[in-house]
Amino acid sequence: GALELPPELVDEMSRRKSYDAVFGYFIVNRLPSGVLGLLVAAVLSAAMSTLSSSLNSSAGAVLNDFYRPVRPTRDERHYLTVSRGLTAAFGVAQVGVALFAAAALRRSVIEMVLSVAGLTTGLILGLFVLGSLRKPVASGAALLGLLCGFVAVLAVWLPSTGLTAN
């Protein structure tokens with residue numbers, strides 16, 4: 001049969017205009033405990049994998065694209081130490097963003113992920129198209145265009161978050 005939700009849960013979801021709790025309610029109240037454990041382990045594993053790859057790719061990109069060109073004669077042990085520090089710094093930054101989002105933003109996780117993807121995907125597409133042109137563009141001009149595009153997208157996106165005064 002259909003899943004019947006308690007009236008207080010329906011009222012809370014209607015008040016918040018967020019229906020993310022239905023899946024959580026189903027997991028906690030309808031799944032057998034063994035399947036529940038496997039599902040929780042799978043979700044935590046996927047989250048850890050995603051965060052690990054995000055941290056390592058961010059640290060690797062900063063190290064190889066910005067730090068190594070400035071200090072090209074250092075040994076690999078030094079680069080490994082810098083990479084570990086960058087990974088820790090990006091980890092702290094991700095925790096800070098998560099705490100800010102949990103405290104300040106009142107939208108569902110999916111809405112927030114899609115809005116951030118929309119914020120950044122256009123900028124990356126613009127750089128890709130710029131790099132695909134026949135005539136090369138100076139990296140300074142590309143960076144300036146990226147920053148101007150970011151400011152323009154941020155000016156359009158920020159009012160939709162509810163963080164700005166009306």
Side-chain angles (χ1 to χ4, degrees), residues 16-24 27 37-166:
R16 287 188 185 183
K17 299 202 182 324
S18 173
Y19 301 97
D20 296 337
V22 173
F23 186 58
I27 290 171
L38 286 174
L39 184 65
V40 169
V43 168
L44 290 176
S45 173
M48 288 170 47
S49 170
T50 300
L51 290 173
S52 171
S53 64
S54 170
L55 293 172
N56 286 323
S57 64
S58 298
V62 169
L63 180 76
N64 290 319
D65 294 342
F66 296 105
Y67 189 78
R68 271 191 196 240
V70 175
R71 302 199 184 268
T73 59
R74 299 294 180 109
D75 63 342
E76 290 300 315
R77 183 177 302 273
H78 174 77
Y79 292 135
L80 179 63
T81 303
V82 171
S83 177
R84 288 178 177 164
L86 287 169
T87 301
F90 279 114
V92 169
Q94 283 186 357
V95 168
V97 168
L99 291 174
F100 170 75
L105 305 176
R106 302 289 178 222
R107 296 180 355 188
S108 74
V109 172
I110 294 174
E111 286 179 302
M112 290 307 304
V113 167
L114 291 175
S115 71
V116 170
L119 179 72
T120 58
T121 304
L123 299 173
I124 300 301
L125 177 63
L127 282 179
F128 178 76
V129 169
L130 188 64
S132 300
L133 297 176
R134 290 180 182 233
K135 291 173 70 176
V137 177
S139 59
L143 183 59
L144 181 63
L146 180 73
L147 291 174
C148 290
F150 179 73
V151 169
V153 169
L154 193 63
V156 172
W157 175 76
L158 198 55
S160 73
T161 65
L163 295 176
T164 57
N166 292 333

Might you work through the side-chain contact (heavy atoms from CB on, under 4.5 Å) test for L127 and L123, ending with a clear yes or no? CA-CA 6 Å; L127 282 179; L123 299 173; over 6 Å; no
Shortest non-hydrogen contact from V62 toward F90: CG2-CZ, 3.7 Å
Reported CG-to-CE distance for the pair L51 and M48, which is rounded to 0.5 angstrom: 9.0 Å
Under 6.0 Å from the CZ atom of R84, do we count more than 12 heavy atoms belonging to anything else shown? no
Closest heavy-atom pair and its distance - P159, L154: CD-O, 4.3 Å
Are the side chain of S57 and the backbone of S53 linked by a donor-acceptor contact shorter than 3.5 Å? yes
Within this structure, what is the CD-OG1 distance for the pair E76 and T81, rounded to the nearest 0.5 Å? 11.0 Å
Return yes if some donor-acceptor pair links the side-chain N/O of S83 with the main-chain N/O of Y79 below 3.5 Å, else return no. no
Decide yes or no on side-chain contact (heavy atoms from CB on, under 4.5 Å) for Y67 and L86, but give the supporting numbers first. CA-CA 11 Å; Y67 189 78; L86 287 169; 5.6 Å; no
Non-hydrogen atoms of N64 and P69 that approach each other most closely: O-CD, 3.5 Å
If only atom types and distance count, is the side chain of T121 paired as donor or acceptor with the main-chain N or O of A117 below 3.5 Å? yes
Can any side-chain N or O of S49 pair as donor or acceptor with the backbone N or O of S45 at less than 3.5 Å? no
